[in-house]
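Just so you know, residue 1 is the first one in the sequence shown, and it goes up from there.
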Amino acid sequence: MTSYDHVPYMPTNRQEMEAFGWDELDVLLLTGDAYVDHPSFGISLIGRILLAAGFRTGVIAQFPWQDPEVLKVMGTPRVGIGISSGNLDSMVNIYTAGRRKRREDAYIENGLTDQRPPHALTVYSQLAKRAFPGVPVVVGGMEASMRRVTHYDYWQDKLRFPVLVDTKADILIYGMGERPILEIFNRLRDGKTLENIPGTARLLGKKAAEAFVKPENFMELPSHEEHLQRKSALMDSIKLVELASNQHANRGLIEKVGDRLLVIEPPQPPLTSEELDRVNELNFSRKPHPKYKGRIPAFETIRDSIPAVRGCPGGCTFCGLVAHQGRGVTSRSEKSILKDVERLTADKDFRGTISDIGGAAGNIYGSIVKNVEQCRLCRRSSCLWPLPCPNFSCDGKRLLALLREVKKNPKVKHLYINSGMRLDLANMQKDLFREIIRYHVSGHMKVAPEHLNDNVLKLMRKNPAEDFYVFKKFFEDESRAAGKEQYLIPLFISNFPGCTEKEMKTVDDFLNRHNWSPQQVQDYIPLPMTMGGAMYYTGLAPDGSEIEVNRGLAERRTQINMLKKKRPGARPRQNEGSFQSNPENCKSKGKPPYPGKSGKYKGKPRSGSK
């Protein structure tokens with residue numbers, strides 16, 4: 001097939017499509033984010049892969065969702081439709097921990113709010129079904145990954161169906177979609193079935209469910225109805241989901257939903273370095289589509305950065321990243337990253353500063369597992385907790401060598417690492433961090449101890465607070481030796497399940513001693529399909545013991561105030577922004593609306609469990 005990777009952008013309307021000589025599309029992509037042609041934006045990455053494989057692919061981004069006619073501007077796609085709500089779960093984009101609207105949507109032009117609907121994946125998919133009856137719909141992205149089974153929705157304060165029930169999509173991709181997206185659209189083009197594709201989920205009808213024979217490597221989750229009857233079933237379910245998330249173990253899942261059956265195929269293995277290189281070296285313009293005249297905040301953050309690594313070894317209970325990117329870490333080759341440096345420095349808008357070379361964390365580049373066969377048998381939820389796995393290695397030497405190589409480029413005046421640092425690795429990477437502290441800190445370094453009470457840290461699957469104290473001293477000593485005035489930006493979470501006022505006082509006392517006043521409070525949000533979300537919903541720790549949970553804003557306010565209070569003599573800018581921001585800093589109040597039959601948002605939910 002002819003590759004279309006040479007096109008400057010995916011077309012967004014018929015005029016652009018015809019300029020490429022296309023009379024129809026093979027694939028139409030829909031997203032709630034602005035269209036930025038950069039590998040850090042999921043829909044663009046998927047689009048470039050499809051273009052390179054010979055699929056004429058267009059995109060409709062950040063669109064009104066009330067009328068299906070808006071999707072018809074480029075005609076009916078010949079093969080199918082791919083849908084993502086955006087780089088984040090749409091409810092995280094829209095609402096704070098206080099269930100109030102955010103002041104800004106970072107993925108929308110000029111940060112405008114009210115440009116995407118709540119539960120956008122469901123709304124977009126249903127809209128596509130109305131606009132193009134009979135055309136296959138594929139859903140993916142973060143919202144699909146984190147809602148692929150029965151899950152707790154914090155903003156509605158209820159359990160919801162697996163998202164395939166509400167979206168009515170033909171198939172769901174969970175995790176990163178480079179491999180399954182091509183397999184799916186190749187099969188759809190050739191008229192083949194969508195069975196047995198790793199990294200996907202399908203919802204079988206009654207007859208197909210009755211005929212389905214569970215393979216030996218599949219585990220059965222509690223049924224949706226059992227979730228409704230027994231609260232602790234969500235904890236049982238998440239434990240199995242975590243077990244099946246091992247990308248080397250080849251475990252699948254099934255869940256009964258009434259007389260239907262959700263079939264989740266085993267996850268796809270992590271990409272190889274060569275595959276990750278090829279993906280990042282596709283013909284991205286690395287800029288927003290020319291139709292945008294305003295700023296796109298999320299792009300401004302990463303425009304001078306280079307994505308270097310995929311996945312996260314951590315398994316923190318509050319984080320949803322592992323549910324999407326996986327625990328297997330893949331690093332791009334040094335050669336590929338240096339190509340990106342050359343490309344970035346050749347840009348006429350480059351001003352001499354590379355803002356980041358990183359990923360989920362700034363110091364996991366070069367991670368390897370020594371023996372993949374051991375990983376196939378692993379039942380751990382984290383490679384780093386409660387102690388680093390002996391089979392996992394990340395000494396920082398490859399990153400150190402890479403930073404030194406990039407510094408040789410005469411056009412690079414400053415090279416910073418702005419991704420947050422993993423403290424559980426940092427204290428084992430002394431040579432790397434001496435170099436980073438001396439040359440690659442822009443005045444402030446982000447670290448995420450998350451808490452300082454060891455009981456809460458254990459619930460978070462974070463290492464003891466001593467790791468932070470040791471690193472803090474090391475950072476200050478090395479900064480002093482380098483003759484630089486530099487500061488740590490420690491990120492702390494308030495109101496995590498199991499954290500009472502007593503435990504939070506450990507953090508409060510620390511901030512008082514050091515006169516630190518965080519600018520924004522990272523109040524805990526129970527994300528769907530995370531262990532922390534299950535702990536919040538059930539009031540249980542993973543071992544089954546009961547824990548205290550602060551639920552309403554009135555109960556949560558005490559810990560929020562402990563973090564955000566002003567302290568005498570505090571240095572400015574001690575804590576930067578986060579998507580889990582202070583619920584006080586919001587314009588509108590009230591609980592989120594839900595879609596009514598007209599597509600407008602009203603007071604009652606349209607679908608999902610009661």
Side-chain angles (χ1 to χ4, degrees), residues 36-41 106 276-277 280-281 283-288 295-309 331-366 396-422 426 429-447 471 474-489 519 571-577:
V36 179
D37 192 40
H38 190 284
S40 294
F41 287 73
L276 191 57
D277 286 351
N280 280 275
E281 291 174 15
N283 189 36
F284 295 96
S285 68
R286 288 172 168 76
K287 296 182 184 297
R295 59 185 285 272
I296 299 169
F299 171 68
E300 296 296 320
T301 301
I302 57 92
R303 67 183 303 161
D304 294 321
S305 69
I306 296 173
V309 66
S331 300
R332 291 174 64 187
S333 70
E334 289 83 351
K335 182 179 178 181
S336 179
I337 291 172
L338 291 172
K339 282 184 183 178
D340 263 6
V341 172
E342 291 295 333
R343 187 183 298 113
L344 181 61
T345 55
D347 191 288
K348 63 182 177 62
D349 295 324
F350 182 67
R351 296 293 179 264
T353 297
I354 296 178
S355 62
D356 198 12
I357 296 179
N363 58 326
I364 58 174
Y365 179 82
K397 291 180 180 178
R398 277 188 65 189
L399 180 55
L400 176 58
L402 175 64
L403 295 176
R404 289 175 176 174
E405 195 64 31
V406 174
K407 278 172 54 182
K408 294 178 183 178
N409 188 311
K411 295 181 181 179
V412 178
K413 299 176 183 177
H414 304 287
L415 168 58
Y416 298 130
I417 303 295
N418 279 316
S419 296
M421 303 295 182
R422 289 206 65 96
Q429 301 169 327
K430 293 295 176 65
D431 290 343
L432 170 64
F433 273 87
R434 284 192 183 95
E435 187 102 355
I436 289 176
I437 292 166
R438 184 171 289 271
Y439 299 113
H440 305 295
V441 177
S442 57
H444 297 77
M445 177 185 283
K446 297 176 187 175
V447 292
F471 182 78
F474 178 77
F475 178 86
E476 292 169 347
D477 289 346
E478 291 297 324
S479 294
R480 194 179 303 112
K484 292 189 173 184
E485 184 178 355
Q486 301 181 143
Y487 303 103
L488 288 178
I489 299 178
Q519 285 188 342
R571 295 191 299 267
R573 193 183 173 221
Q574 284 305 317
N575 205 347
E576 292 191 338

Cationic N near anionic O, under 4.0 Å, R303 to E300
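Salt bridge: yes.
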With the threshold set at 4.0 Å, does a side-chain nitrogen-carboxylate oxygen contact exist between D340 and R286?
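So D340 pairs with R286 through a salt bridge.
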Set of ring pair (Phe, Tyr, Trp, His ring centres under 6.0 Å) partners for [X], sequence neighbours left out:
{"X": "F299", "value": "none"}
{"X": "Y365", "value": "none"}
{"X": "F475", "value": "none"}

Okay, side chain of K411, backbone of A346: is any donor-acceptor separation there less than 3.5 Å?
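No; zero donor-acceptor contacts below 3.5 Å.
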Check whether Q486 reaches the backbone of I437 with its side chain - one donor and one acceptor, N or O, closer than 3.5 Å.
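Such a contact is found between Q486 side chain and I437 backbone.
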Between S419 and D356, does any side-chain donor sit less than 3.5 Å from a side-chain acceptor?
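S419 vs D356: donor-acceptor pair found between side chains.
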Validation row: I337, E334 side chains within 4.5 angstrom (heavy atoms)
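In short, these two side chains do not touch, never coming nearer than 4.5 Å.
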Can you say whether the rings of F41 and H38 are parallel (under 30°), tilted (30 to 60°) or perpendicular (over 60°)?
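Judged by the thresholds at 30° and 60°, the geometry between F41 and H38 is perpendicular.
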Is the NZ or CZ atom of K407 both under 6.0 Å from the centre of the six-membered ring of Y439 and within 45° of that ring's axis?
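Yes, K407 lies over the aromatic ring of Y439.
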Shortest non-hydrogen contact from L488 toward F471
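Shortest heavy-atom contact: CD2-CE2, 3.9 Å.
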